[in-house]
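Below, chain A is the first sequence line, B the second, and so on; all start at residue 1.
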Number of protein chains: 2
Amino acid sequence: MTDQEADSSAKRHPIEVVARRTGLSKDLLRAWERRHAAVDPARTDTGRRLYSDDDVERLRLLRQATAGGRNIGSIAGLPEGELSSLVREDLAAGNPSSEPEVDAKALEDRVVDCIDAIEAFDGERLRSILSRAMVQLSPTEFIDDLVAPLMRRMGELWVARQLNPGQEHLASSVVAATLQDVIGILHNPCPEAPEVIVATPAGQKHGIGAMLVAASAAAVGWRVTYLGADLPAEDIAEAARTRGAAAVALSVIYPPDDPDLPGEIVRIWNELPSDVEMVVGGASAPSYSQTIRAIGASLALDLEDLRSFLHRQASA
Amino acid sequence: MTDQEADSSAKRHPIEVVARRTGLSKDLLRAWERRHAAVDPARTDTGRRLYSDDDVERLRLLRQATAGGRNIGSIAGLPEGELSSLVREDLAAGNPSSEPEVDAKALEDRVVDCIDAIEAFDGERLRSILSRAMVQLSPTEFIDDLVAPLMRRMGELWVARQLNPGQEHLASSVVAATLQDVIGILHNPCPEAPEVIVATPAGQKHGIGAMLVAASAAAVGWRVTYLGADLPAEDIAEAARTRGAAAVALSVIYPPDDPDLPGEIVRIWNELPSDVEMVVGGASAPSYSQTIRAIGASLALDLEDLRSFLHRQASA
DNA sequence: CCTGAATTGTCTAACCGTTGTCGAGAGTTT
DNA sequence: AAACTCTCGACAACGGTTAGACAATTCAGG
């Protein structure tokens, strides 16, 4: 991740890759450029387009804005800032309560607020904190900087016995619902966008990590089918086949030493079509790294890792 | 927030966006403009409408006012200030802006559509069917006539082995998220409204029934704290005490013959303050009716039953 | 109470600008 | 040679516009 520093404006991606990453067809990319100058990619000496990461990001925003009901012609010329605020406005549109008070509250404080709400069994306050943050932050920020730290903090409190099962359940269901909303909002309707099946294998009861994975995948343009926790290998594989998925992502949180899990992972792998990739992430994933490597699947140590896996697959 | 250049009177939204944000049909937007000059949007050089944020706000107010029983012709010309005070009045007068319901026929079809989506592992389609229905139907109709029949049908397919665990998980998480949304939308901010704690006792793994209970309670004006499935008695009772709840609702779906459950129910009851009522519902609730009656709790045979229980408690 | 007029949300028909996609023909990369 | 990519032109689908019509309500006045 360090060797990407100033390269976000470096032009290097061919059109094929950009089409996959944005979920826009190649024809459409050319049409938007020709008719509205939506982006201005560099060219090789033979005239082939080379897009930068910034271009990709911009195109993704344009896609979201058009999905939100706007005409490409009237937004193609807008600068990044306006474009992204427009998209966020549209996302927040369902929320009729326009809050005049703008809190630029630090993210750590928001985590604390969430914990407060959870301790008071106040699901409604938790929901409102999260849904406000959801529209104020970018999806990736929301997931990485708020939801993930919150889940981590909850884990700490849980082992310290300062959170009881009721509070944990309450929080989980609210967080899960919020993340489902994120996935729904980000849903990529383009049939060419690759799809990933997200689940936790049998024996793993905690679905919330998989939910984070699902939301992260949606945030980078993938279509996502979230199956949930504790699923037998055959069912995960069947879903992948039915959906024509390009990848399967498994979340493994707890326990780190399930003797049945390696077998379960291998069974999933074996039942998958050969062109479907697999990635395993979550707190306990490294404990099973031997199995994962043995079959040729990938290991994701964190969400950033997961995103780069998805990027690699999307361009492959 | 620095780039709040957003001049609220800048005309920039196409009709599609405005229709989504206000919930008014495009036809209606045009009709109100033509017949009553309710708003005066700008035009592009090719004649397309462009609305400002102010226009959107105004249309929202008009919508609320008409939902409260006013007719558009007599309020379309009013200035902003009068409009908003009018709406406030109507809300204070207890006009819950009831929606007239239209479809009774298509509900069966929608259940079938949902099942189709589930069988295809198409979570996104399921979500879109449900969320469309959510805004078209009243909350109670949505729950009673769509979600509950859907869950029943899923149960049938499950026992007939025509639904696998993956499909069941997928559907559950989407339905749960949708119901959480319903609860969020219905959330009653009035601090005097009675609150109910909803959960399923330890041993009961299926939380979706409790979710239906929670949404139903929210639909009749209660504040709801949804704790989820499989919770120890102490935690349920603690939540009730912490929240100062007026009632506890338990959902009991499966199994119907858990030898530990009666004890669990009694423990909850014993740890509850004496002024907190308790109701038990769900498919298997009648199997435990002896215990329920013995301690003086109520038994709800269906959601209608539950609602009348809540009404009794609210007026008590 | 009934009846005819006004109101209101929706729908159709006809038109046209906008948009996504496709094909043809030529060049480039592997 | 096969697989990409390029430009340019064409085209059908889609959405937005006006104008008019329609059924269902609402309402005033007999």
Side-chain angles (χ1 to χ4, degrees), chain A residues 11-51 55 59 62-78 90 188-193 315-316, chain B residues 11-51 55 59 62-78 97-104 106 135-136:
Chain A
K11 312 273 187 177
R12 44 205 171 97
H13 308 297
I15 195 167
E16 164 81 28
V17 169
V18 177
R20 296 217 188 182
R21 289 201 187 173
T22 59
L24 301 166
S25 75
K26 287 181 270 189
D27 279 325
L28 196 49
L29 290 175
R30 287 188 276 255
W32 281 6
E33 179 187 337
R34 169 167 36 108
R35 300 209 259 240
H36 313 291
V39 286
D40 181 25
R43 300 298 185 116
T44 69
D45 17 351
T46 55
R48 308 206 155 189
R49 272 165 257 255
L50 289 179
Y51 296 83
D55 291 332
L59 288 164
L62 288 172
R63 182 178 70 73
Q64 280 199 48
T66 52
R70 303 190 175 261
N71 313 24
I72 181 63
S74 54
I75 55 168
L78 264 44
D90 289 346
N188 189 339
C190 170
E192 286 168 31
S315 14
Chain B
K11 310 273 187 178
R12 50 206 179 96
H13 307 297
I15 195 168
E16 167 79 32
V17 169
V18 177
R20 292 196 202 183
R21 289 200 186 179
T22 60
L24 300 166
S25 77
K26 285 178 268 193
D27 277 327
L28 197 49
L29 289 174
R30 288 187 277 254
W32 282 5
E33 178 188 339
R34 171 164 37 109
R35 301 208 259 240
H36 314 290
V39 286
D40 181 25
R43 300 298 184 115
T44 70
D45 27 0
T46 53
R48 304 200 163 193
R49 272 164 255 256
L50 287 178
Y51 296 82
D55 291 333
L59 287 165
L62 288 172
R63 179 174 123 88
Q64 284 191 52
T66 53
R70 319 241 164 203
N71 49 354
I72 181 65
S74 55
I75 56 169
L78 264 45
S97 66
S98 55
E99 309 275 332
E101 297 74 28
V102 270
D103 22 286
V135 299
Q136 283 175 350

Can you name the closest pair of heavy atoms from [X] and [Y] and give their distance?
| X | Y | answer |
| --- | --- | --- |
| A/Leu78 | A/Ser74 | CD1-O, 4.0 Å |
| A/Lys26 | A/Ala19 | CG-CB, 3.8 Å |
| B/Ala76 | B/His36 | CB-CB, 3.4 Å |
| A/Leu24 | A/Leu59 | CD1-O, 4.0 Å |
| A/Glu33 | A/Pro41 | OE1-CG, 3.5 Å |

Whole angstrom value for the distance that separates [atom2] of [N] from [atom1] of [X]:
| X | N | atom1 | atom2 | value |
| --- | --- | --- | --- | --- |
| A/Ile75 | C/dT19 | CD1 | C1' | 13 Å |
| A/Leu62 | C/dT19 | CG | C1' | 14 Å |
| A/Asp45 | D/dC6 | CG | C1' | 14 Å |
| A/Leu29 | D/dT5 | CG | P | 11 Å |
| B/Arg43 | C/dT18 | CZ | P | 14 Å |
| A/Glu33 | D/dT5 | CD | C1' | 13 Å |

Answer yes or no: does a side-chain N or O of [X] lie under 4.0 Å from OP1 or OP2 of [N]?
| X | N | result |
| --- | --- | --- |
| A/Arg49 | D/dC6 | yes |
| B/Thr46 | D/dT17 | no |
| A/Arg30 | D/dC6 | yes |
| B/Lys26 | D/dG15 | no |

- Query: Checking side chain to side chain contact (heavy atoms under 4.5 Å, CB included) for the pair B/Arg30/B/Asp27: CA distance, chi angles, key distance, verdict?
  - Reply: CA-CA 5 Å; B/Arg30 288 187 277 254; B/Asp27 277 327; 3.8 Å; yes
- Under the side chain to side chain contact (heavy atoms under 4.5 Å, CB included) rule, what do B/Thr66 and B/Trp32 come out as? Steps first, then yes or no, please. CA-CA 12 Å; B/Thr66 53; B/Trp32 282 5; 4.2 Å; yes
Which atom pairs link the protein and nucleotides 8-12 of chain C when you take only N or O atoms and keep those under 3.5 Å?
residue : atom : partner : partner atom : Å
C/dT8   : OP1  : B/Ile72 : N            : 3.2
C/dT8   : OP1  : B/Gly73 : N            : 2.7
C/dT8   : OP2  : B/His36 : NE2          : 3.1
C/dG9   : OP2  : B/Trp32 : NE1          : 2.7
C/dG9   : N7   : B/Arg35 : NH2          : 2.4
C/dT10  : OP2  : B/Ser25 : OG           : 3.3

- Counting N and O atoms only, with roles assigned by atom type, does the side chain of A/Arg70 sit under 3.5 Å from a partner on the main chain of A/Ile75, one being a donor and the other an acceptor?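 No; zero donor-acceptor contacts below 3.5 Å.
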- Item | Rounded to 10 degrees, the angle between the two terminal axes of the helix from C/dC1-D/dG30 to C/dT30-D/dA1, each from five pairs |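 That helix has its two terminal axes inclined by roughly 40°.
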- Candidates D/dT7, C/dT18, D/dT18 - which lies nearest the side chain of B/Arg48: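 Nearest nucleotide to the side chain: C/dT18.
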- side chain to side chain contact (heavy atoms under 4.5 Å, CB included), paired with A/Val39, selected from A/Asp55, A/Val18, A/Leu29: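 By the side chain to side chain contact (heavy atoms under 4.5 Å, CB included) criterion, A/Val39 pairs with just one of A/Asp55, A/Val18, A/Leu29: A/Asp55.
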